[in-house]
Each structure stands twice: as C-alpha cells, then as structure tokens.
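For reference, the structure discussed in these notes is given below.
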Amino acid sequence: MSELLPQQQIDKLKAHAAEIEHPHEMIVDVLREIQAHHGWVPDAGVVLTAEILGITPVEVEEIATFYDKIFRQPVGKRVVHICDSICCWSTGGEEIADHLQQTLGIGFGETTADGLFTLLPTCCLGACGDAPAMMIGLTTYGPLTATKVDEILAKERAELAKTTSGKD
Amino acid sequence: MPKLIIDNREVTVPEGTNVLEAAQALDIVIPHFCYHEALGAVGSCRLCAMNFLEGPVEGLQMACMIKAEDGMVVSTVDEEAVELRSHVIEWAMTNHPHDCPVCDEGGECQLQDMTVAGGHSRRRFHGPKQTYINQELGPFIQQEKNRCITCYRCIRTYRDYCGGTDFGTFGSRNRICFGRFQDGRLESPFSGNLVDACPTGVFTNKVFRFKSRVWDLQEAPSICPHCSLGCSTIPGGRYRELQRVKPGINRETNGFFICDRGRFGYDHVNHPERPRQARLDGQQATVDAALTAAAQRVRQMVEQHGPDSVAFVGSARTSLEAGALLAEWAKRTGSPHLLFETHRERDRAARILVDRLGDRACSLAELQQSDLLLLIGTDLIAEGPMAALAVRQAVRAGAQVVVIDPRPIDLPCSCTHLPVGPERLPVFLDTLVTRKTEALTDAERNPLQALLEQLDAAKTPALLGGADLLGSRGISRLLDAAVALDNNERPVRVVGLLGGANSYGGALLTRSPRDFDTLVDDIQEGAIKALVCLESDPYRECFDPARAQAALGRLELLVSFDCTPNLAAQRADIFLPSRPVAEMAGSFINNEGRLQAFEQVIEPGISIRETSSGDHPPREFSLETPGALPRPAWQMLAQVLDLPGDLPAIRQQIATADERFDALTSLTADETGPRITDPVVLPDTAPDELPQCVPGETLPLLPVQGFAGSDWLAHLSAPLQPLEGEPTIWLHCDLAVRLGLAEQDQARLTTPLGHCHVTVRTSARMADNLVLVPHLWGTALEGLVPGGRHIDCRLEKEVNL
Amino acid sequence: MTDYTQVLFKNRRPGETASLETYEKTGGYEGLRIALQKTPGEICAQVKYSGLRGRGGAGFPTGVKWSFFPADQPGEKYLVCNGDEMEPGTYKDRQLLLADPHQLIEGMVIAAYALQAPVGYIFLRYAYEDCSQVIERAIAEAEAAGYLGKDILGSGFSCELHLHRSAGRYILGEETALINGLEGRRPNPRSKPPFPAQRGLFGRPTNVNNIETLANVPHIMRNGNAWYQQLSAPESSPGTKLFGLSGHFNRTECFELPLGVTLREVVQEYGGGLRNGKRFKACLPGGASSPYMTAEHLDVAMDFNALEEIGSRLGTAGVTAFDEDTCMVAVTRNINRFFARESCGWCTPCRDGLQTISWLLDKIENGQGTEDDLTMLHDQVRNINGRSFCALAEGAMGPVEALLRLFEDEIKEHIRKGKCPFG
Amino acid sequence: MGLWRDIKGTLQPFWVTLGYLFKKPATIQYPEEKRTPPPRYRARIVLTRDPDGNERCVACHLCSAACPVDCISMQAAETEDGRRYAAWFRINFTRCIFCGFCAEACPTMAIQMTPDYEICDRDPLNLLHEKQDLLIDGCGKDEEYNFYRHSGIGVVNPRGGNADETPPVDPKALVP
C-alpha cells in the first residue's frame with residue numbers, strides 16, 4: 001500500500017476522516033492525493049481510499065469513475081490535456097492536437113512508449129483568452145503553436161530526466 | 001384530499017399523491033420508468049409527461065414529480081406530451097440491442113410495453129450502439145449491460161430500498177453502468193429484487209435462465225412457506241417443474257419485493273429424493289390403501305390402548321385446512337395429544353404470542369411507520385428477512401432501531417446494537433417491565449435507561465422478538481413489556497417472529513396444554529404408541545433431537561404425511577405423499593394473525609426434464625403422469641375422516657365447526673386477508689429455566705438460525721446451496737484471541753452430540769464468552785437445534801498438516 | 001477604448017496577484033468592517049436593493065436569493081462559492097482570482113455574516129491549480145489579519161472557509177450537483193424543490209453563489225447602492241461585468257466593462273476587431289450555452305434583459321467570436337459534443353438526446369445529412385428544451401436552437417452540396 | 001320468364017361439362033406424376049442454419065406462441081459462449097395446419113416452410129419431428145441473415161465487434 005501513498009499520509013488522512021462527520025466529502029481529496037503520489041488510481045487505490053474513509057469501495061468507485069480527471073488506468077509521468085472546446089477549436093486546437101499526436105506518436109488515451117506522456121482531450125480549461133491551450137500536469141499553457149508545443153515538451157522531458165536521474 | 005381533473009375526468013386522491021398516481025387511479029396508464037410505487041419518483045426518465053392546463057403548476061411537466069393539488073386540470077393526451085413521450089422512448093432505445101429473441105425478460109418486458117405505449121416504432125438513430133462488458137454477479141443474477149436504458153431503478157432498489165452496499169453506478173454521461181466494484185456474488189439477501197426492478201433484461205434470474213418463456217408458465221398467487229411473515233408470491237412452473245418465484249403484491253405484508261430465500265427456495269418441490277409413493281409397512285401401496293390402513297390402525301390403537309395412546313403432530317408448514325382436519329381426526333379419536341410444532345420453545349412461544357397479541361399485531365406496512373423499533377432476541381435476516389426490509393424503510397423515514405441480541409446482527413440499516421448473552425435477554429425484558437435496573441450491570445444500565453426514555457417518547461414504537469431465542473418466557477415478557485410501556489396516547493406494537501408459515505394457525509388449532517417434550521416422555525414410557533406426523537419431523541425438528549430419536553424408536557405405529565425426504569417420512573410405517581404449497585391450494589396464518597389463501601400453481605409429477613431421454617421428451621405414452629401420486633394433505637385427511645374431498649367443502653366444514661375461521665369460505669388468494677385473533681389453549685406451566693452456563697473449561701454454545709441453511713425447505717432447494725456455506729462458528733474477537741483462534745481458522749468443535757469441523761469467524765459486534773453456531777441442515781451441525789439454550793462445547797484449533 | 005471604472009480589476013497588474021497589503025490600500029476589507037456594524041438583515045436588504053445579479057450565468061438577483069435563505073434557522077448552515085468555472089469561453093473567475101483574490105474572501109465573510117452561515121466552501125475546478133494556491137494564500141493572510149476565523153475584527157462573528165478542489169466535470173457548476181459533489185456523492189443534480197436554501201449541503205440550508213457575484217459584495221458594502229447602480233446604464237443590470245473575449249478576436253483578453261455596453265463596442269473597441277481583418281459573423285455572447293448573436297445584433301446592449309429580448313442570454317459574458325469563414329454547423333457540433341460529453345447521465349433527454357444531436361450534426365457536417373435529419377434536429381431541440389432534469393441540456397440547446405433559427409440556410413447548403421461549404 | 005330461366009339453368013351445366021370433355025385434364029396422376037409447387041408453398045417445416053453453419057433457432061418460443069394449434073414445443077439452453085439454442089425442438093405434424101404463423105413469427109429466419117408436402121404416415125409417432133428431423137444444412141430462403149451479428153450482445157463476434165456497435169464502454173477509461 002505504501003506504493004500508493006506514504007504511511008504517514010495515510011495515517012494523517014485517516015485521522016482527519018475520523019474527526020469529520022461526513023467522511024465521504026474527502027473521497028475526491030484522497031483520490032487526488034493517491035493520484036499525485038502514484039500517478040493514477042488503481043483498484044487498490046480505490047480500496048485504500050475506502051479503507052481510509054471507512055466506507056465501501058463501491059462508493060469510492062462511483063465517484064472515481066465519474067470525474068474525468070481521476071485516472072483509473074495507468075498514465076505516463078505527465079498527462080497532456082489538450083483542450084478541444086469551442087474557443088481552442090476555433091483558434092486551431094485541432095491542428096495542435098494533430099501535432100501533439102504526431103510528435104508524441106500516440107493517439108488520444110495512449111501513453112508514449114517511454115512512459116513519459118499520456119495524451120488526453122479535455123473540455124475547456126478556462127484559458128480561452130490563451131487559446132489554443134493545453135494543460136500538462138496542473139500547469140496550463142497557451143496560446144500554442146506547433147513550435148511552442150515542441151519547446152514545452154522538450155522542457156518537460158528535460159525536467160523529467162532530471163528528476164529521474166536525481167532519484168537514481 | 002385534493003380534487004383534480006385529468007382528461008376531463010374528476011378524481012379525488014389522498015394528500016401527497018402525485019399526478020401520475022392520480023391518473024392511475026382513473027386507470028389512465030402513462031408510460032414511466034423511474035417512478036415505482038415502492039421506490040417513489042425521482043424524475044430522471046422524463047417519460048411521464050403531461051400537460052398541466054390550469055392550476056398551481058402550468059405547462060408540460062413530469063407527472064411523477066408533481067403533487068396532486070386542488071384545481072389542477074391536466075391533459076395526458078396533449079400533443080406535446082405525447083410527442084415528448086415518444087421521443088423519450090426513442091432516446092431510451094438508442095443503444096438498446098435487438099436481442100429480444102434471446103432475452104429472458106421477454107413476455108414481461110416493461111421497456112417493450114412502454115415502447116409500444118409511448119408510440120415509438122421506427123428507429124431513426126442509425127449511429128453505432130454502445131456496448132459493455134458484463135459482470136459475473138454470482139449464482140442468482142445474470143447481467144446483460146447492453147440492454148440498460150439507465151433508468152436507475154436497480155440502484156434505487158438494491159441500495160436505497162434494500163440497503164445493499166456492494167452495488168453502484170459507475171461512469172457518467174451515456175456511458176453509465178451499474179454493477180459491483182469487482183465481479184462477485186451480490187451480497188444482499190434481497191438481490192433477487194433486481195430482476196423485478198429492472199424494466200428490461202439487464203438483470204435476469206440466473207436460476208430461471210432460458211428455462212421457460214413467462215407466457216408458458218403456469219402461475220398463481222401463493223404464499224411463501226419459508227418464514228412466518230406470509231409474503232405474497234407468484235410461483236411459476238412448466239412441464240411439471242417449479243421454475244421460479246416472483247413476488248406478489250401485498251401492500252400489508254411484503255409490498256412489492258421478497259427476499260432471496262423466498263425467491264430461490266422453491267426448488268424443494270423438484271427435489272430428486274422427494275417421496276412421491278405411498279408406503280405401507282415398507283412396501284409400495286396405493287394412497288387409498290395406505291389411507292385406509294392409517295385410519296384403521298389408529299382406530300385399533302385407540303380401541304386397544306385408549307385415546308391417550310395416539311398423538312397427532314402437525315407442523316408450521318401444515319396448511320390451515322389440513323391442520324383443522326388433523327384436529328378433527330384427533331377429536332374423533334378422543335386423543336388429547338394434538339400439537340403443531342415439535343420444537344418445544346417455538347410451540348409455547350407461538351401459543352403465548354397468539355393468545356395475547358390482539359390489537360398489538362403489526363403488519364410490515366405498519367412496521368414501516370414506526371419511529372422506534374426495539375429488536376430483542378431476533379435476527380431478522382434469518383427469521384423474517386422482509387421484516388428487516390420493513391425496518392429499513394422505517395429508518396429511512398427517520399426511525400431509530402435498537403437491537404439487543406448476542407449475534408452480530410446485520411441489518412440493512414443503521415442501528416444501536418447491545419450485544420449481550422442470551423441469558424441477559426430475560427433480565428432486559430424484566431427491566432422494561434419493572435423499570436428497576438438493579439439486576440443490570442453498570443455497563444448495561446445507561447443504555448437501557450436511555451432506551452426506556454426513548455420508548456416513552458416514541459409515538460409509534462414496536463417491539464420485535466424471535467420465538468427461537470426468547471422462548472416462551474421471553475415472548476411472554478416481551479408482551480408484558482409492551483403492556484408496561486403502553487401509554488394513553490399509543491399502544492406498543494409487537495412483532496413476534498415464529499417458527500414457520502402457519503405457526504400462528506397451528507397455535508390456534510392446538511388443543512393440548514402439553515408440549516412435544518412431555519409427549520416424548522410418554523412415548524418413552526410406552527403410554528403413547530402411535531404418532532401421526534403431518535408434514536413434521538419430530539426426529540430432527542424438535543428441541544432435543546437425541547432424546548426424541550431414542551424415544552420414537554419405541555413407537556408401534558408411525559404415520560407420516562409429507563412432501564420432503566425427512567426422517568419421519570423415511571421411517572414411517574405408513575407413509576402418504578403430500579404436496580408442497582405450490583402444488584395445492586390452502587391457507588396460512590402469518591405471524592400477525594393474517595389469514596391468507598394460496599392457490600395451486602402446478603400439478604405434481606416428475607418433470608419432463610428428468611423423464612426425458614436427453615434430446616427430446618419421452619415418446620412413449622403412459623396413462624399416468626410419473627410421480628403424480630402426491631395429494632394435498634387436506635384431501636387425504638378428508639378421506640380418512642370420510643368427508644368430501646374438495647377444498648370449498650372442506651373450508652365450509654371448517655368454518656362451520658369453528659367460527660374463528662369464518663373468513664375461509666370467501667377468502668381468495670389475491671387479497672390482503674383478514675386478521676384473526678383469539679385466545680388459544682396455553683401451554684401448561686413453564687419449563688425449567690434454561691440452564692445457565694458458566695464459562696470455564698467448556699464454552700457455552702448457542703445454536704442459531706442462518707439465512708439459508710437452517711430452513712428445511714430452503715435447504716432442499718438447489719439454487720440456495722451456494723448460500724449455505726461451510727459449517728461455521730462465530731466468536732467475539734476477544735474470545736477468539738483468548739482461545740488462540742483467528743478469522744478463517746479451522747477448528748474442531750466438540751459437543752455432547754459429537755465432533756465436527758468448523759470454520760472460525762470473528763466479530764466485535766457480538767456477545768463475548770459465547771460460541772454461536774448457525775444451524776446447518778445436512779451437516780454435523782444439524783443436531784444443534786436453535787432454541788435459546790446453551791450447550792457445552794469445546795473448541796480446538798486444527799492445524800493443517 | 002473608454003476608461004470605464006474598474007471595480008473588480010482595479011488592482012490588476014499583468015502577471016501579478018494583489019497582496020493583502022495592496023488590497024487593503026485600495027479599500028479592501030472596509031466593506032467587511034461596515035458590514036459587521038450592520039445586522040445581517042440590513043446587509044441582505046442592501047444587496048437586494050443594489051440590484052446585483054448572479055454572475056454565474058443565470059443572472060438571478062443575488063439579494064432575492066439571499067432573502068430566501070433561512071438565516072434565523074438554528075443549526076448548521078453553509079455558504080458555498082461556486083468556482084467550477086467550466087463553461088467554454090469563460091475564464092473571468094480565473095482572471096479575477098489571479099488579479100485580486102481577497103475580494104472573494106471578503107465577499108464570502110460578508111455573505112457568511114449576512115446569511116449567518118459561518119462555514120463556507122470554495123468549490124474550485126480541477127484546472128485552476130494556480131487559483132487554488134492563490135486562494136489558500138489569501139485565506140491564510142486573511143486569517144492572520146483577523147478577517148477570517150474566530151471573532152472577526154472583534155465582532156464576535158466567526159467564519160471558516162474551506163477550499164475544495166474538484167476533479168473535473170462541467171455538471172458540478174450546477175449548484176445542486178455541486179452540493180452532491182462536495183458531499184462526496186455522485187454529482188447528479190438534485191430535484192428542486194427542496195431548494196438548497198431549504199435543504200442543501202448535508203441536508204442543511206445552503207447558499208451557492210458565483211465567485212464574481214461574491215466579489216462584488218464588498219464593493220457594494222463599501223460604496224453603497226447608488227454608486228453601484230451608476231456604474232452601468234441599464235437599470236435592470238447594475239454594476240460592472242467581467243467580459244472574457246475569445247475566439248477570432250484580435251485581442252482575446254478579459255475586460256471589466258459596465259453592463260449595457262453594446263456588442264459593437266465589445267467587438268470593435270475591446271476585441272480589436274476580428275483576426276486578419278475578417279468580418280464578424282456571429283458570437284456566443286456568454287459562454288457555450290448562450291444562443292448565437294450575429295452581425296445584426298451588434299448594437300444590442302450587453303445586459304441581462306436586452307439579450308433575452310433578442311433570444312440570447314448574457315450568461316457568463318464570455319464572448320466568443322467567429323469570423324465569416326467559420327462553419328456554424330461545425331461550431332455547433334463542437335459545442336454540442338462538449339455538452340453531450342459533460343452530461344452527468346441522470347435524465348434521458350440529456351444523456352441520449354444530446355448524443356442523437358451529435359450524431360445528426362456529425363452527419364450534416366460530413367455531408368451525409370438529409371432533409372429528414374434536419375426535421376429530426378428540429379424535433380430533438382423542441383423536445384429537449386425545457387424537458388430535461390436540470391439546465392444543462394437546456395443550455396446545450398441554446399446554440400443548436402440558434403443554429404436552426406439563424407443559420408438554417410447554412411445547414412441546407414450542407415445537405416444540398418453533400419459537403420461542408422467551408423471546406 | 002321463369003320457365004326459360006329454369007331450362008337455361010338445367011342445360012347450361014351440361015354444356016359446360018361437355019366443353020371439358022375436349023380439354024386437357026387438370027388432375028395429374030399422383031404419385032406417378034408430381035406437381036412442383038411454387039417456392040412459397042406452405043408445407044413441411046424445417047429449421048435452417050445461418051451462413052456460418054450454426055443453428056439459427058434461438059429457442060425464443062415465438063413460433064410456439066404464435067402456433068394456433070400448439071404443435072411446436074421446445075426447450076431453450078445455452079452453450080458455453082452464451083448462444084441460446086434449442087436443446088430439443090419438436091413439431092407435432094399430426095396437429096400442424098401449415099398456416100405459416102410460426103415462420104412469420106420467427107425473428108431469426110430459423111423456421112421456414114418448404115414446398116415438400118409429402119409427409120403423411122400411418123404411425124402418428126413418425127409425425128412427431130424432433131430437432132434432428134427438422135434441421136437442414138442450409139440457409140433456406142435467406143442466404144445472409146445471421147441473428148447474432150445484429151443482436152448486439154456478442155456471441156459470434158466479441159462484444160462491440162459488430163458493424164453497428166462501438167467497442168465496449170469502460171467506465172475506467174481515460175478519454176472523457
């Protein structure tokens with residue numbers, strides 16, 4: 001279980017859940033914590049969330065499968081969300097999406113072979129002024145051009161390389 | 001009472017009725033999916049559109065979401081409403097597969113009915129259809145997710161109404177699906193209701209899968225024989241095989257649903273070892289010959305040894321008609337020995353309850369209205385599952401539930417549970433009567449004090465107790481408590497969970513102050529030489545099987561009428577094959593005194609499936625249906641008594657002889673049934689106090705009922721076998737630690753009856769210093785009959801080599 | 001560009017978030033001090049008479065909503081700030097939070113006091129991680145300065161604010177779905193009645209307001225109703241509004257403008273005309289759920305009532321413009337796909353009806369449409385509009401209905417040519 | 001008038017009969033000669049197979065429900081791969097009136113009428129046709145239809161694998 005969430009954090013969440021009257025309100029919080037730590041929420045993560053909050057896995061799964069930003073399947077180290085809503089679409093979002101698919105060599109919902117990037121479409125990111133926009137992790141980028149996308153990906157790659165080598 | 005006009009017709013409906021129901025009161029049926037009388041309305045399907053022309057609400061509205069109010073003028077045939085309804089159906093059908101030919105819902109598919117009623121016929125959407133991967137949901141429920149129209153009825157039935165916790169709604173938008181988190185058996189004891197709740201074939205009955213089309217089924221209204229609640233059922237059979245049971249609608253008892261024991265416990269009717277042949281002294285005989293012999297030998301016995309030498313023992317599954325004729329037989333012989341329950345405590349408890357229940361009787365519908373429910377000494381899931389569901393509905397309406405019981409009670413709702421040993425139950429009941437708390441321990445005093453206050457404040461309190469664990473003294477004290485807790489504003493209602501479907505009727509008919517335990521003494525001493533068993537098994541279904549079996553060997557004559565392969569049937573000198581509920585008409589009186597009739601569903605006989613030679617039914621002609629000899633017990637008894645053998649005549653006879661059963665003559669199987677309350681012949685003085693066990697070298701063992709394995713008829717039903725499980729014992733976690741045992745350990749249980757191997761289960765929610773053992777037919781545990789008393793036992797951990 | 005009074009954006013500096021100090025210097029938390037001198041009833045009355053209308057899209061008068069709230073009822077009551085800004089074309093709340101977050105904190109404390117609902121939740125969408133950090137810092141600063149927490153400014157009134165980060169899904173912007181989401185239930189909308197003011201979060205009275213709405217409250221408290229009403233011309237829509245420009249404008253930025261400016265002014269002055277000198281064809285005046293406005297509507301005043309009169313809605317005032325080369329069928333198809341995807345799946349018209357419309361628009365845009373499909377499209381709109389459980393499907397019908405009303409010729413051209421005329 | 005009519009009525013039939021004396025007879029010398037009935041002639045009933053050679057009958061009971069003389073009976077069963085089929089299927093030709101309702105009702109094109117009308121027998125038991133007697137090795141009148149390719153519940157193709165279906169929905173899917 002420690003792979004999903006450090007024991008210390010589990011204890012902290014359990015303590016908090018025990019304090020509050022409605023532990024269900026923490027479902028999204030705990031799922032997001034697991035996701036932040038583990039990258040995505042496997043079945044064991046749903047069970048762990050249920051255990052932390054003292055509720056049934058079904059109740060957690062109902063929530064986890066509803067929200068699109070809870071990943072119930074493995075994703076790469078960085079999730080690239082490219083906006084496909086109207087503002088980005090009207091300013092060339094589709095071309096950027098095509099460019100991303102070509103550059104990364106993957107389709108929507110897929111992860112690059114090196115396990116670094118997962119590409120997903122998303123609804124409006126609230127960056128309509130900077131359309132077309134995308135979000136990598138929790139950072140929003142825009143307005144995008146093909147060159148800019150390449151630069152951002154390169155930057156992310158470099159950062160990932162740093163953290164990985166740092167860990168080793 | 002609001003008065004409104006629907007389609008130019010005026011209707012007055014009770015306060016709180018919605019407009020859809022008001023239209024139904026006028027026999028205007030508007031298609032709907034999410035609305036269900038038991039589940040209420042949520043307005044998600046958007047199908048029941050009506051146009052509100054005048055009144056407080058105007059415009060096109062969903063009728064199920066609008067409460068009927070004075071002055072409303074509503075049109076159901078309005079063009080806009082009709083158009084919307086057909087569109088909603090069209091949308092609902094967007095992804096529905098065209099697999100009706102292979103779908104088991106066929107013939108009772110509400111989606112099909114609503115599609116036709118809604119006016120949608122030609123498909124305009126030609127896009128691709130959504131598909132889903134199905135889940136494996138255990139032995140009872142088959143899932144076909146592709147058929148789902150997302151009406152949310154399943155989740156509202158399974159989780160909201162029935163309190164199941166392992167079923168959910170996943171995904172969003174048009175990709176919603178319903179199921180379990182992971183594959184596995186649906187754990188709720190009410191899971192079968194998914195089949196009825198689903199308007200189409202997403203959830204179908206796996207046991208009934210592909211067996212028959214529902215239009216080919218022989219069906220008739222019936223009563224569930226598996227507990228004392230008397231739920232209404234509609235069994236269905238084909239080719240001489242009983243194939244399924246679905247709930248009947250009785251708004252006073254079960255409402256719209258039934259439990260899985262009632263739904264899947266029907267298979268005893270088809271049991272391969274069911275005795276179908278009459279026997280006389282070990283030889284096959286005709287029923288007529290065996291009946292003549294039975295009448296003659298009983299008469300001889302009376303002539304030779306006096307009327308005291310014959311005893312008549314019915315059972316809780318004996319129909320009222322057969323019971324009354326057995327009583328008539330006993331009366332004619334002059335025998336004073338007539339009982340309807342071989343289990344001493346269940347017998348005595350039933351008689352005391354019936355004698356004193358009176359207006360305190362509480363139907364399940366009334367139970368749902370209670371605001372405080374005290375469950376003392378009863379495990380509803382085992383003894384009357386649908387009562388647990390009624391308790392849940394009360395809780396959903398805001399009621400409080402307090403449970404005082406040694407078992408780790410699993411109710412489908414929240415409750416306050418005081419896990420105390422069975423020996424404390426009488427003390428608690430005494431405290432409720434006397435309000436004196438001296439006999440309580442410090443830890444018990446506060447909760448009981450609080451409970452007393454709650455009971456005083458409650459507006460519609462109800463006490464529920466089980467005959468098994470409380471026994472005659474307990475039930476008696478429970479009724480005393482109800483009297484003591486009455487106040488000027490309201491009575492306290494009482495629900496007693498009795499031994500079987502007709503325990504109440506049997507108690508009304510019992511004419512002896514003695515119980516079976518004392519009859520066993522007489523048999524042992526040779527005073528009783530003949531025993532007539534009517535669908536009862538005194539060898540095993542009594543309080544002390546070992547003692548009974550030793551004594552019964554001395555009988556000179558044993559006559560048995562039965563439809564199950566029990567010991568009495570096997571050992572009888574004269575055996576007469578009777579019919580189970582589904583194969584005859586008759587009536588039962590449930591635990592609240594409600595007289596309910598059932599009709600015959602199928603004719604007896606060995607099913608075509610068994611008599612066929614593989615790829616087709618037999619091609620030989622035969623004058624007789626194989627295995628069709630069994631007759632209704634009342635018919636055979638009427639023959640013994642030289643009475644006419646048809647049911648109306650028998651009912652007339654019974655009603656004439658006993659005015660309590662007046663209603664029998666006009667009773668039909670589809671009505672809610674009248675209540676019968678009457679004083680009965682009470683048992684003589686109370687037996688000795690149940691022995692108290694002192695924890696020491698041996699442990700006190702308490703046999704209790706389980707959900708599936710301890711009901712004899714359910715045990716004979718193959719579909720329920722998966723629920724019976726292995727022999728198990730339950731221990732409090734602390735006791736388990738002291739004994740060096742852990743969850744799922746294998747242990748050797750030693751009782752005076754012998755050894756057996758059991759799996760250890762632990763719980764923190766049960767009484768300490770106690771070993772609970774769920775009674776399990778067909779295992780070494782079958783001799784451990786539940787009955788509110790301790791047996792000494794030893795437990796040793798078994799080490800797997 | 002006219003120099004309109006900046007209220008919410010007065011502390012906006014590029015790339016900078018106003019600190020507590022900056023906020024206080026420009027009159028920050030004065031509104032709170034003034035409010036705490038008054039009775040809760042007086043504050044509600046003042047908000048009611050200020051004419052402030054909800055900025056989340058529906059434009060319901062805030063004071064009226066507050067007046068339904070049972071502030072006197074004992075027991076727990078909740079104030080919820082709806083920060084689930086997910087309407088395509090809308091990014092004003094993000095701009096507001098990043099510019100000057102304390103306005104929201106102050107507004108919430110005043111609202112909590114006025115409604116006697118001392119527990120507040122800020123429900124923030126997943127993508128606004130930058131805002132969530134800003135809010136957390138603002139809450140900490142406000143607590144340290146005594147504007148939040150126990151015994152605020154010695155008034156005896158206490159208030160706590162919690163930040164809830166969501167995990168996606170547009171439906172949570174619907175207030176009852178948001179309440180379900182906060183509770184950790186499946187975020188389907190609830191049926192109304194009972195309204196959240198009667199039974200909301202955890203079954204208790206709950207008031208839900210948009211970020212921008214709440215941010216207006218301190219300014220109304222501090223400057224009074226007369227000042228607030230003179231900010232804009234139309235009597236029915238007082239105050240300023242954040243207009244987020246997007247799409248084919250030359251300048252796609254967020255501006256604070258008085259309600260009632262004309263669309264022409266927004267397009268030409270602030271949007272700087274359309275890219276590449278193209279002509280204005282149509283726009284969504286207030287997010288993806290608002291019916292289109294076309295060139296003939298350029299002189300319509302951008303306020304709640306005027307837009308309703310021409311069959312559109314001000315919505316969130318996120319104006320998305322489309323130039324003359326844009327295929328409106330394709331635009332509508334994109335918007336409809338968004339709504340179909342973001343439906344919660346609770347009611348049939350939304351869950352399956354929007355899917356049907358997606359299929360029809362795909363078909364027409366791809367040149368396989370027929371006259372029957374056009375009829376069917378009309379059917380769908382007529383039967384979804386106003387018939388669904390919540391407002392999502394109704395919102396989704398805005399652009400589709402406007403497409404049929406304003407651009408039916410364009411649809412017919414698709415059908416006639418068997419392909420999209422815009423290539 | 002009356003008399004004239006009577007004479008005409010008496011003589012005319014003789015005239016007609018006389019006319020037929022010189023025509024080729026309509027009757028044929030059955031069984032030496034056999035008539036070929038039209039293809040839609042309703043006689044012996046068969047059970048057909050789908051183009052893949054599997055039994056078309058899914059034991060849906062619609063034919064037996066439609067049959068006005070109750071001459072069809074069957075028992076449904078299921079194969080390992082979820083295909084519903086008839087474990088046994090019996091048509092009692094002593095009762096059959098060849099009305100064709102069964103073929104009309106059949107949703108899978110399994111049960112079809114053939115022009116083979118020579119099905120009389122002295123032993124009624126021989127007219128009790130079981131599935132093996134009814135099943136033929138062909139598609140009958142429709143060469144293409146395969147119910148399970150259109151039913152939308154898998155069986156012949158993996159779920160979601162048919163032409164008008166999307167791949168199975170996964171609620172855990174990443175793409176919204």
Side-chain angles (χ1 to χ4, degrees), chain B residues 95-104 106-107 123 125-134 142 144-148 168-179 181 201 206 208-217 238-239 241 607-609 612-621, chain D residues 56-65 70 73-79 82-90 105-110 124-126 128-133 147-155 157-173 175-176:
Chain B
N95 292 303
H96 193 77
H98 281 182
D99 70 332
C100 301
V102 295
C103 175
D104 254 349
R123 192 176 182 76
F125 174 82
H126 296 289
K129 290 180 185 179
Q130 304 270 26
T131 59
Y132 298 85
I133 300 290
N134 294 329
Q142 177 82 26
E144 177 48 81
K145 278 188 194 169
N146 286 2
R147 298 179 186 140
C148 183
T169 314
F170 308 120
S172 64
R173 62 169 173 123
N174 65 341
R175 299 195 305 197
I176 282 182
C177 52
F178 302 92
F181 172 51
K206 197 182 247 178
F208 180 55
R209 184 164 169 83
F210 294 173
K211 277 197 177 158
S212 285
R213 283 300 187 187
V214 293
W215 59 75
D216 287 334
L217 286 180
R238 176 173 164 252
Y239 291 153
E241 181 187 11
S607 74
I608 278 189
R609 182 170 49 83
S612 73
S613 52
D615 59 350
H616 54 73
R619 297 172 73 97
E620 297 82 38
F621 292 108
Chain D
R56 265 183 178 154
C57 175
V58 296
C60 72
H61 282 76
L62 283 185
C63 51
S64 66
D70 280 353
S73 51
M74 77 196 80
Q75 178 61 52
E78 189 179 16
T79 61
R83 173 187 285 266
R84 186 180 161 130
Y85 73 102
W88 55 264
F89 190 106
R90 172 182 284 179
C106 184
T108 64
M109 302 273 194
L125 267 183
N126 289 344
L128 228 55
H129 285 208
E130 304 295 345
K131 193 168 93 174
Q132 60 269 30
D133 309 323
F147 168 76
Y148 280 111
R149 291 199 188 284
H150 302 276
S151 63
I153 54 153
V155 180
N157 274 331
R159 297 175 75 80
N162 287 323
D164 51 354
E165 294 165 0
T166 57
V169 164
D170 182 0
K172 298 176 187 170
V175 178

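Order of the sequence lines fixes the chain letters, A, B, ..., with proteins taken first and strands second; residue numbering starts at 1 for each chain.
Of the atoms belonging to D:His150, it is backbone heavy atoms, and not side-chain ones, that fall under 4.5 Å from chain B. For D:Arg159, the parts lying near chain B are the backbone and the side chain together; criterion is any non-hydrogen pair under 4.5 Å. Proximity to chain B is absent for every atom of D:Pro158, based on heavy atoms less than 4.5 angstrom apart.
Most heavy-atom pairs under 4.5 Å with chain B, from the set D:Gln132, D:Glu165, D:Met74: that is D:Glu165.
Between the side chain of D:Thr166 and the backbone N or O of B:Pro128, no donor-acceptor pair lies under 3.5 Å. With D:Asn162 contributing its side chain and D:Asn157 its backbone, the two residues share no donor-acceptor pair below 3.5 Å. Judged by distance alone, with hydrogens and angles left aside, the side-chain atoms of D:Asp170 form a donor-acceptor pair with the main-chain N or O of D:Lys172 at under 3.5 Å. For B:Lys145 (side chain) and B:Cys177 (main-chain N/O), no donor-acceptor pair under 3.5 Å exists by modelled atom type. Not a single donor-acceptor pair under 3.5 Å links the side chain of B:His98 to the backbone N or O of D:Ser151. For the pair B:Arg147 (side chain) and D:Ile153 (backbone), a donor-acceptor distance under 3.5 Å is absent. Under the 3.5 Å distance criterion, the side-chain polar atoms of B:Arg123 are matched with a main-chain donor or acceptor of B:Phe125. For D:Arg84 (side chain) and D:Val58 (main-chain N/O), a donor-acceptor pair under 3.5 Å exists by modelled atom type.
Residues of residues 209-216 of chain B having a heavy atom under 4.5 Å from any heavy atom of chain D, listed by number: B:Arg209, B:Phe210, B:Lys211, B:Arg213, B:Trp215, B:Asp216.
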